[in-house]
Amino acid sequence: MPRPAKRSPHGERELAVQRILAVVDSIPRGRVATYGDVAREAGLPRRARLVGRVLAELPSGSRLPWHRVVNAAGRLSPRANGTAEQRRRLAREGVALTPSGRLDLARLRWSGD
DNA sequence: TATATGACGACGA
DNA sequence: ATCGTCGCCATAT
């Protein structure tokens, strides 16, 4: 077994990653959360960028609903691979973007409940 | 140690 | 509503 106890700085990050993944996994179908929301829910306030970094490193075959995480502006954050896949996944669960590519956060935002 | 770069966010113009 | 700036955090060089 890898890590018995002992909290090395590196181990702390691993914990943070696990909590982030758990929060993302809990976002209900048809709802969305911002990077900042996820960070806060994971007990990591002001670490929105860490959330983005973690999601960016997810294996392509991941089963996690990463597509339900959007930025605070209500837009899909640009990335190397593009946002087409994210749009498809959202559309499939009834989440549509306005003509200008925005989401109605007031209606779709999920704050842990 | 210093600088640059991001799936970010809050603000002010 | 949009854009630029700045703050913030983690890595990479």
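Below, chains carry the letters A, B, ... as their sequence lines are ordered, and counting in each starts from 1. Values below: every heavy atom of this structure, side chains too, minus hydrogens, waters and symmetry copies. Keep in mind the model is a prediction, meaning the values are calculated, not measured.
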Chemist: About how many Å separate OG of A:S62 and CD of A:E57, when rounded to the nearest 0.5 Å?
Modeler: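 Rounded to the nearest 0.5 Å, the CD-OG separation comes out at 12.5 Å.
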
Chemist: Residues from residues 80-109 of chain A sitting under 4.0 Å of DNA chain B, heavy atoms only?
Modeler: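 Within this stretch, nothing sits under 4.0 Å of the strand.
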
Chemist: Using a 3.5 Å distance criterion without hydrogens, assess whether the side chain of A:R102 forms a donor-acceptor pair with backbone atoms of A:A73.
Modeler: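 Pair found, side chain donor or acceptor close to backbone of A:A73.
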
Chemist: Could you tell me whether A:A72 contacts a base, only the sugar-phosphate backbone, or nothing, with contacts defined as non-hydrogen atoms closer than 4.0 Å?
Modeler: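 The residue A:A72 makes sugar-phosphate contact but no base contact.
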
Chemist: What's the spacing between A:R68 CZ and A:L108 CG if we round to 0.5 Å?
Modeler: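 Those atoms lie 12.0 Å apart.
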
Chemist: Under a 3.5 Å distance rule, please check whether A:E85 uses its side chain to pair with a backbone N or O of A:H67 as donor and acceptor.
Modeler: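 No: the side chain of A:E85 does not pair with the backbone of A:H67.
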
Chemist: Sugar-phosphate atoms are those with a prime plus P, OP1 and OP2; base atoms are the rest. Using that split, label each nucleotide of nucleotides 8-13 of chain C B, S or - for protein heavy atoms under 4.0 Å, 5' to 3'.
Modeler: BSSS--

Chemist: Any chance CZ of A:R79 has more than 12 other-residue heavy atoms, nucleotides or ligands included, within less than 6.0 Å?
Modeler: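 Yes, enclosed.
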
Chemist: Can you tell me if A:R31 uses its side chain to pair, donor with acceptor, with the backbone of A:R109 under 3.5 Å?
Modeler: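 Checking the backbone N and O of A:R109 against the side chain of A:R31, a donor-acceptor pair under 3.5 Å is found.
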
Chemist: Enter the distance from A:L64:CG to A:I20:CD1 here, rounded to the nearest 0.5 Å.
Modeler: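 Taking CG in A:L64 and CD1 in A:I20, the distance rounds to 11.0 Å.
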
Chemist: Partner lookup for C:dA12, please. Criteria are Watson-Crick or G-U wobble with both distances under 3.5 angstrom; report none if nothing qualifies.
Modeler: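 For C:dA12, the partner nucleotide comes out as B:dT3, under the 3.5 Å rule.
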
Chemist: For B:dC8, does OP1 or OP2 lie under 4.0 Å from any side-chain N or O of A:S77?
Modeler: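 Checking B:dC8 against A:S77, a side-chain N or O does come within under 4.0 Å of OP1 or OP2.
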
Chemist: Using the rule given for salt bridge (Lys or Arg N to Asp or Glu O under 4.0 Å), can you reason through A:E93 versus A:R89, listing the C-alpha separation, both sets of side-chain angles and the distance that settles it, and then say yes or no?
Modeler: CA-CA 7 Å; A:E93 46 191 78; A:R89 291 190 178 216; over 6 Å; no

